Number of protein chains: 2
Amino acid sequence: MRVPSYQLIENEIKEKIKKSELKHGMKIPSENELKETYGVSRMTVRQALNNLVNDGFLYRHKGKGTFVNHTKMEKRIQGLLSFTEEMQLMNRKVTNKVASFTLMQASEEVAAKLFLNKNEEVYRIERIRSADGIPVLYETLFLPRRIFKDLTEQIIRESLYTYIEKELKMSINFSIQSIEAVNADETVSKYLGIPLNNAVLHITLNTFLDNGHPFEYVTSYYRADQYRFIQHAFR
Amino acid sequence: MRVPSYQLIENEIKEKIKKSELKHGMKIPSENELKETYGVSRMTVRQALNNLVNDGFLYRHKGKGTFVNHTKMEKRIQGLLSFTEEMQLMNRKVTNKVASFTLMQASEEVAAKLFLNKNEEVYRIERIRSADGIPVLYETLFLPRRIFKDLTEQIIRESLYTYIEKELKMSINFSIQSIEAVNADETVSKYLGIPLNNAVLHITLNTFLDNGHPFEYVTSYYRADQYRFIQHAFR
DNA sequence: TAGTGGTCTAGACCACGGA
DNA sequence: CCGTGGTCTAGACCACTAG
C-alpha cells in the first residue's frame, strides 16, 4: 500500500477543484456514491473528505451533502516568502552577516521540531539580516545535516530558499510561524542596534517540504520599528 | 446521544492540558488504553485525538505515541475567529469589560478605514477582554453607525460577531490584520495590569462583509505572556 | 519482539433536510 | 418518506520505534 486510498481520493478531488471541474458551491457525490466509485468503505471516504474539510476545500451540511468551498488560491493571497524575496518586493537591498556557523548535535527541542532522532547532527547558524544597511532581524537557524549535506557559509550569506529550490531541487510546501512580542535582551539589542528592553517581534518558524519533512527551524527577532506582519484571514 | 463520546474525550484531555496535568512533551495514554478507559472503540478514540491534533493540542509519532504540544493561547489561522470563539476552543471563559462607549464623528483615519465620509457617525468603544479572569487584550473598536443602528453596551459585552451573524444576518468575509510589537504605554499597562514598557503585540484589524463593506476597525494590545499568533503560510 | 500509531473494512443506528 | 452526513463498533493488517 504505497499511497493510502484516502489520499488518492483527496488528490483526485483537489485536482478537479484545481481544474475547475468542481467549482464553488457545487455539490460533490455523496459518501455512499464515492464509496462505490472508489471501491472502499465509507469510513475511508470520510477520512478523505474530513481532510479536505479541514484544509478548507470542502464544507458539509448534514442532510444535504458536501460542497466545494472558495478555492484555496483565493485564500493564499499572501504566500510564503523568504526575507530576501520580501525585501526585493519592496525594492530594498538585503545583506546578510553570518555571526556563527557550527555543526552540533540536536537538542531535544530542535530534534522535535525537525523530526530528527536526538543527537542527530544539525547546523546551527546565527545570522543578522539587513535591508538597505539597517539591521532588521537576528535569527538562529537549525538545519538538519541529513538534508543539507554540504552547506557552506556562502549559501547562508545568499538565499537559502533559492539554494534549496534551484540546487537541491527540493520543493518547499508550507511553514508554521508563531509570532510573539518580547523585550530585547542583551544579545538582541546588540545585534539589532536598539536599546535594551525595546519591544521586538519574536518569531519561530518551522518550514516543510512537499514530502512532509521539516527542513528548517528558525528563531528570530525583528526590529519593531522596521517590520510588521500583514495578514489576511477568511471566515 | 446528547454529547458524542469523542467530544467528551476531547474535552477531558483539553481540561487536563489546561490544568497542567498534561504538560508539553508528555506522552498521553495509547489509543488502546484510552479505548479501555472510556469503553469505546479505537476509531472513536482516534476521532477525538485527530481533532486535538488538528487543533494543535497534540502531536503523534508513529511507533512512539501521542504527545502534548506547547500551549499558550494561540491563534491558529485556519480561518477568521473572534476572540470569543478562539477562547472557547481553548476551554477558557471570556469576560468583557466596556471601559467607554461613545458616538462620535469619524476622524480622517477612521473614515478611511471604514470607507465612510468624513464626519459620519461612528461608535468608539474601549473594551478589556479577559480569559479565565486574566486580562488578555485591550482594544478600541470603531463601528459605523450606518451599519450598527442600535448598538448597545450589552452586545459589546457579549460577542459582536454573533450579533452580526445571528441578529443582523450579515455575512462576515475576511479581515486584514497588521501585527507589530510595541512597548506598553501608561494606558495599556494600566488596563492589562502589566509593567510599563513591557512588550505587547499591537494589532490593527479591518474586517469586511461579503458585500465588500468594512464593518469594523480595531486597534488592540495583547499581553505578550498570554497570547501569540500562529500562522500557516503556503508557498 | 512488543507496543505504538496508520490504514481499512463492513456493517449499524442516528439526526437532519427536503420532497 | 428517503438520502444525506454524524457517530460508532469490533475486528484486521501494516509500518515504525524501541529494547
Side-chain angles (χ1 to χ4, degrees), chain A residues 1-14 22 25-69 105-106 108 110-120 144 146 208 211-214, chain B residues 1-13 22 25-69:
Chain A
M1 188 196 309
R2 287 290 300 159
V3 178
S5 338
Y6 71 90
Q7 274 184 26
L8 288 174
I9 300 173
E10 272 182 61
N11 287 334
E12 281 211 23
I13 294 175
K14 276 193 208 172
L22 290 172
M26 280 172 65
K27 190 172 169 305
I28 70 164
S30 75
E31 297 178 355
N32 275 314
E33 286 169 325
L34 289 171
K35 174 181 98 175
E36 301 300 330
T37 306
Y38 290 100
V40 298
S41 77
R42 191 177 151 221
M43 286 304 269
T44 302
V45 170
R46 282 184 63 75
Q47 186 169 5
L49 298 190
N50 279 334
N51 289 339
L52 292 170
V53 168
N54 277 326
D55 289 343
F57 290 97
L58 303 175
Y59 59 90
R60 303 204 238 226
H61 273 314
K62 198 194 295 194
K64 289 175 76 176
T66 305
F67 303 85
V68 180
N69 220 329
Q105 291 188 314
E108 198 153 348
V110 170
K113 293 289 185 182
L114 293 174
F115 296 1
L116 302 178
N117 303 318
K118 212 159 100 181
N119 297 333
E120 245 189 278
R146 193 195 283 189
F208 296 77
N211 62 18
H213 290 94
Chain B
M1 188 196 308
R2 285 292 298 161
V3 178
S5 337
Y6 72 90
Q7 275 184 26
L8 288 174
I9 300 174
E10 272 182 62
N11 286 332
E12 282 210 21
I13 293 175
L22 289 171
M26 280 173 64
K27 190 173 167 307
I28 70 164
S30 75
E31 296 178 354
N32 276 313
E33 287 170 326
L34 289 170
K35 175 183 97 175
E36 300 300 330
T37 307
Y38 290 100
V40 298
S41 77
R42 190 175 151 223
M43 286 303 269
T44 302
V45 170
R46 281 184 64 76
Q47 186 169 6
L49 298 190
N50 278 334
N51 289 340
L52 292 170
V53 168
N54 277 326
D55 288 342
F57 291 96
L58 303 175
Y59 59 91
R60 303 203 237 229
H61 273 315
K62 200 195 293 195
K64 289 173 77 174
T66 304
F67 304 84
V68 180
N69 225 328

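Only a predicted model underlies this, so the values are computations on that prediction, with no experimental measurement involved. Just so it is clear: chains get the letters A, B, ... in the order the sequence lines come, proteins before strands, and each one is counted from 1.
Using a 4.0 Å cut-off, some side-chain N or O of B:Ser5 falls inside it from OP1 or OP2 of D:dC8. Within the 4.0 Å cut-off from OP1 or OP2 of D:dT7, at least one side-chain nitrogen or oxygen of B:Tyr6 is found. Side-chain nitrogen and oxygen atoms of B:Ser30 include none within less than 4.0 Å of the OP1 or OP2 phosphate oxygen of C:dG3. A sub-4.0 Å separation between OP1 or OP2 of C:dG5 and a side-chain N or O of B:Thr66 is present. An OP1 or OP2 oxygen of C:dG6 is reached within less than 4.0 angstrom by a side-chain nitrogen or oxygen of B:Arg60. Residue A:Arg42 has no polar side-chain atom (N or O) positioned under 4.0 Å from OP1 or OP2 of C:dA10.
Closest approach of B:Ala48 to B:Tyr6, counting heavy atoms only: CB-O, 3.4 Å. In terms of heavy-atom proximity, A:Gly65 sits nearest to A:Lys27 at CA-CE, 4.1 Å.
Under the side chain to side chain donor-acceptor pair (under 3.5 Å) criterion, B:Thr44 pairs with B:Ser41, not counting sequence neighbours. Looking at residues two or more places apart in sequence or on another chain, you find no salt bridge (Lys or Arg N to Asp or Glu O under 4.0 Å) involving B:Glu10. For A:Ser30, the side chain to side chain contact (heavy atoms under 4.5 Å, CB included) partners at least two apart in sequence or on another chain are A:Asn32, A:Glu33. Judged as a side chain to side chain contact (heavy atoms under 4.5 Å, CB included), and not counting sequence neighbours, A:Ala112 has no contacts. Taking A:Gln7 as the reference, nothing meets the side chain to side chain donor-acceptor pair (under 3.5 Å) condition, with sequence neighbours excluded. Applying the side chain to side chain donor-acceptor pair (under 3.5 Å) test to B:Tyr38 and every residue at least two apart in sequence or in another chain returns B:Glu12. Checked against side chain to side chain contact (heavy atoms under 4.5 Å, CB included), A:Lys64 has the following partners two or more places apart in sequence or in another chain: A:His61, A:Phe67. Applying the salt bridge (Lys or Arg N to Asp or Glu O under 4.0 Å) rule to A:Glu120 yields the partners A:Arg146; only residues at least two apart in sequence or on another chain are considered. When the side chain to side chain donor-acceptor pair (under 3.5 Å) test is applied to A:Arg46, the partners found at least two apart in sequence or on another chain are A:Glu31.
A heavy atom lying under 4.0 Å from DNA chain D marks the following residues of residues 43-50 of chain B, by number: B:Met43, B:Thr44, B:Gln47.
Note: CD (B:Glu10) to C1' (D:dT7) measures 13 Å, nearest angstrom. Atom CG of B:Leu34 and atom P of C:dT4 are 10 Å apart (whole Å). Separating the NZ atom of B:Lys35 from the C1' atom of D:dC8 is a distance of 14 Å, rounded to the nearest angstrom. Between A:Asn54 atom CG and D:dG6 atom P there is a gap of 12 Å when expressed in whole angstrom units. Going from atom CZ of B:Phe67 over to atom C1' of C:dG3 covers 12 Å, rounded to whole Å. Separating the CG atom of A:Asn32 from the P atom of C:dA12 is a distance of 13 Å, rounded to the nearest angstrom. What separates CD of A:Gln7 from P of D:dC14 is a distance of 19 Å, to the nearest Å. The CD-C1' distance, from A:Glu33 to D:dC2, rounds to 14 Å in whole Å.
Considering only heavy atoms from C-beta on, A:Val40 stays 4.5 Å or farther from A:Leu34 through its side chain.
Comparing B:Lys27 and A:Gly39 by the nucleotide of DNA chain C that holds the closest heavy atom to each, the one mapping nearer the 5' end is B:Lys27.
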Quick one: the dot-bracket string of DNA chain D, using Watson-Crick and G-U wobble pairs with both distances under 3.5 Å, [ ] for crossing pairs and | for bases paired to another strand.
-> ||||||||||||||||||.
Between the protein and nucleotides 17-19 of chain D, which nitrogen or oxygen pairs are less than 3.5 angstrom apart?
none

